[in-house]
2 protein chains.
Amino acid sequence: MTKRVTWQREAVRGALSSSDGFVSAQSLYSALRESGSPIGLATVYRALSDLAGEGEADSLQQEGESLYRACTPGSHHHHLICRNCGLTVEIEADAVEAWAASVAADHGFTQPSHVVDVFGLCANCQSLS
Amino acid sequence: MTKRVTWQREAVRGALSSSDGFVSAQSLYSALRESGSPIGLATVYRALSDLAGEGEADSLQQEGESLYRACTPGSHHHHLICRNCGLTVEIEADAVEAWAASVAADHGFTQPSHVVDVFGLCANCQSLS
DNA sequence: CTGCTATTGATAATCATTCTCAGCACTTTC
DNA sequence: GAAAGTGCTGAGAATGATTATCAATAGCAG
């Protein structure tokens with residue numbers, strides 16, 4: 001059960017972190033393929049869910065597919081995402097954390113977790129339109 | 001292009017509003033079928049996306065499927081959802097609205113929208129475990 | 001180097017969702 | 001009330017993303 005280091009996993013990690021925003025597993029696979037890597041689709045999916053499980057990547061669902069992005073490990077944060085180009089900014093939201101916890105408690109809910117993401121058009125995409 | 005009133009659409013609307021929490025299209029279809037309705041799967045999907053488009057239902061994505069729920073039309077709100085039984089409480093979040101807007105503006109983003117949902121275990125599900 | 005076993009990858013299988021299209025059912029018109 | 005027009009329905013096919021299968025491969029310890 002020892003975890004092994006393979007070039008495939010590193011390739012996925014690298015491709016993820018060189019991306020500005022959220023990317024789908026499919027497009028990450030295509031990108032790796034086009035850059036000459038003979039990596040397999042199943043492996044990309046496995047690597048991505050591993051990274052997400054270890055806290056090295058964030059994921060969110062959009063339009064029926066999962067998008068992934070490298071994130072700063074160990075920190076809890078949310079995202080501000082351009083809905084046109086996918087550019088993503090990590091944002092702190094202590095106020096929202098506290099709000100979520102208190103709302104949950106008010107209604108008798110325990111073990112609160114939350115999904116908070118903000119979408120918009122980034123400055124660059126605005127100027128293009 | 002006039003919209004017609006059919007018993008199928010009403011059946012979906014009824015099944016949605018008699019549910020306590022978010023339901024998937026598939027399970028709504030199964031439930032309707034089991035209660036004797038000969039409705040078709042495609043029709044359930046169509047009715048749900050119509051309702052969502054008209055603002056009579058909210059939707060969210062979870063684990064690769066879309067979940068729907070009847071909501072109070074015309075009002076913007078968020079949800080507190082039991083991750084065990086699906087029980088859902090509509091919550092107001094003016095503070096969060098303002099926060100989202102200002103965060104977007106701070107980073108040069110326009111046309112902000114946001115996804116804010118809080119998950120937890122409801123009081124009832126806690127006592128069961 | 002050798003053996004053990006986690007990992008890979010081509011492909012099949014799954015699953016939710018959407019599309020297709022012929023038949024059906026409201027509505028309006030005569 | 002019958003015929004025509006057209007939106008709606010539903011069974012099944014098509015799609016697209018994700019996961020499972022499983023034999024072959026390749027890290028890693030000794």
Side-chain angles (χ1 to χ4, degrees), chain A residues 1-16 19 21-54 56-69 81 83 86 115 117, chain B residues 1-16 19 21-54 56-69 81 83 86 115 117:
Chain A
M1 198 55 190
T2 320
K3 181 156 292 181
R4 289 175 184 171
V5 178
T6 63
W7 65 265
Q8 286 97 331
R9 228 182 278 270
E10 290 310 308
V12 170
R13 189 201 305 274
L16 243 202
S19 165
F22 280 84
V23 196
S24 72
Q26 300 280 347
S27 63
L28 202 65
Y29 170 69
S30 305
L32 284 165
R33 272 315 182 93
E34 279 172 21
S35 71
S37 172
I39 197 170
L41 177 58
T43 305
V44 173
Y45 276 99
R46 273 186 294 244
L48 284 175
S49 59
D50 281 359
L51 288 172
E54 292 162 11
E56 294 193 53
D58 285 324
S59 69
L60 63 83
Q61 338 271 145
Q62 196 180 44
E63 292 167 20
E65 65 181 0
S66 290
L67 303 181
Y68 295 87
R69 176 167 192 277
I81 305 153
R83 71 167 67 87
V115 176
D117 288 300
Chain B
M1 199 57 187
T2 320
K3 181 156 293 181
R4 290 179 186 167
V5 178
T6 63
W7 66 264
Q8 287 97 332
R9 230 180 274 271
E10 290 310 306
V12 170
R13 190 202 304 276
L16 243 202
S19 165
F22 279 85
V23 195
S24 73
Q26 300 280 347
S27 64
L28 202 64
Y29 170 68
S30 305
L32 283 166
R33 272 313 183 92
E34 280 172 20
S35 70
S37 173
I39 197 170
L41 177 59
T43 305
V44 173
Y45 276 99
R46 273 187 294 244
L48 284 175
S49 59
D50 281 359
L51 288 172
E54 293 162 11
E56 296 193 52
D58 285 322
S59 69
L60 63 83
Q61 336 272 143
Q62 195 181 43
E63 293 168 18
E65 66 182 357
S66 292
L67 304 180
Y68 294 88
R69 177 167 191 278
I81 304 153
R83 70 167 66 88
V115 176
D117 288 300

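Lettering of chains follows the sequences in order, A, B, ..., and the numbering in each one begins at 1. Being a predicted model, the structure only gives us computed values, none of them experimental.
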*Going from CD1 on B:Ile39 to OG1 on B:Thr6, what distance comes out if it is rounded to the nearest 0.5 angstrom?*
7.5 Å
With a 4.0 Å cutoff (strictly under), does any side-chain N or O of [X] reach OP1 or OP2 of [N]?
X: A:Arg9; N: C:dA6; value: no
X: A:Gln8; N: C:dT7; value: no
X: A:Thr43; N: C:dT8; value: no

_All side-chain contact (heavy atoms from CB on, under 4.5 Å) counterparts of A:Arg83, not counting sequence neighbours_ = A:Phe119, A:Leu121, B:Gln111, B:Ser113
What are the two closest heavy atoms between [X] and [Y], and how far apart are they?
X: B:Ser66; Y: B:Gln61; answer: OG-NE2, 3.3 Å
X: A:Leu67; Y: A:Gln62; answer: CD1-OE1, 3.5 Å
X: A:Tyr29; Y: A:Gly40; answer: CE1-C, 3.7 Å
X: B:Leu28; Y: B:Ala15; answer: CD1-CB, 3.8 Å
X: B:Val23; Y: B:Ser19; answer: CG2-OG, 3.0 Å
X: A:Leu16; Y: A:Ala57; answer: CD1-CB, 3.9 Å

*For the helix from C:dC1-D:dG30 to C:dC30-D:dG1, what is the angle between the axes at its two ends, each from 5 pairs, rounded to 10°?*
30°
*Contacts of A:Phe22 that satisfy ring-ring contact (aromatic ring centres under 6.0 Å, His included) - sequence neighbours left out*: A:His79
*Over how many whole Å does the gap from A:Trp7 atom CH2 to C:dG9 atom C1' extend?*
10 Å
*Could you state the CG-C1' distance from B:Leu32 to D:dT9, rounded to the nearest angstrom?*
15 Å
What protein N or O atoms touch nucleotides 28-30 of chain D N or O atoms at under 3.5 angstrom, if any, and at what distances?
residue	atom	partner	partner atom	Å
D:dC28	OP1	A:Val5	N	3.3

Pairs under 3.5 Å (N/O, protein and nucleotides 17-24 of chain C):
residue	atom	partner	partner atom	Å
C:dT17	OP1	B:Ser66	N	2.6
C:dT17	OP2	B:Tyr45	OH	2.6
C:dT17	O5'	B:Tyr45	OH	3.4

*Can you figure out which of D:dC8, D:dG10, C:dG9 approaches the side chain of A:Ile39 most closely?*
C:dG9
Kindly list each side-chain donor-acceptor pair under 3.5 angstrom involving residues 43-51 of chain B, sequence neighbours excluded, with atom names and distances?
residue	atom	partner	partner atom	Å
B:Tyr45	OH	B:Gln26	NE2	2.8
B:Ser49	OG	B:Tyr45	O	3.2
B:Ser49	OG	B:Arg46	O	3.2
B:Asp50	OD2	B:Arg9	NH1	2.3

*Just wondering, do B:Val115 and A:Leu60 contact through their side chains at under 4.5 Å, heavy atoms?*
no
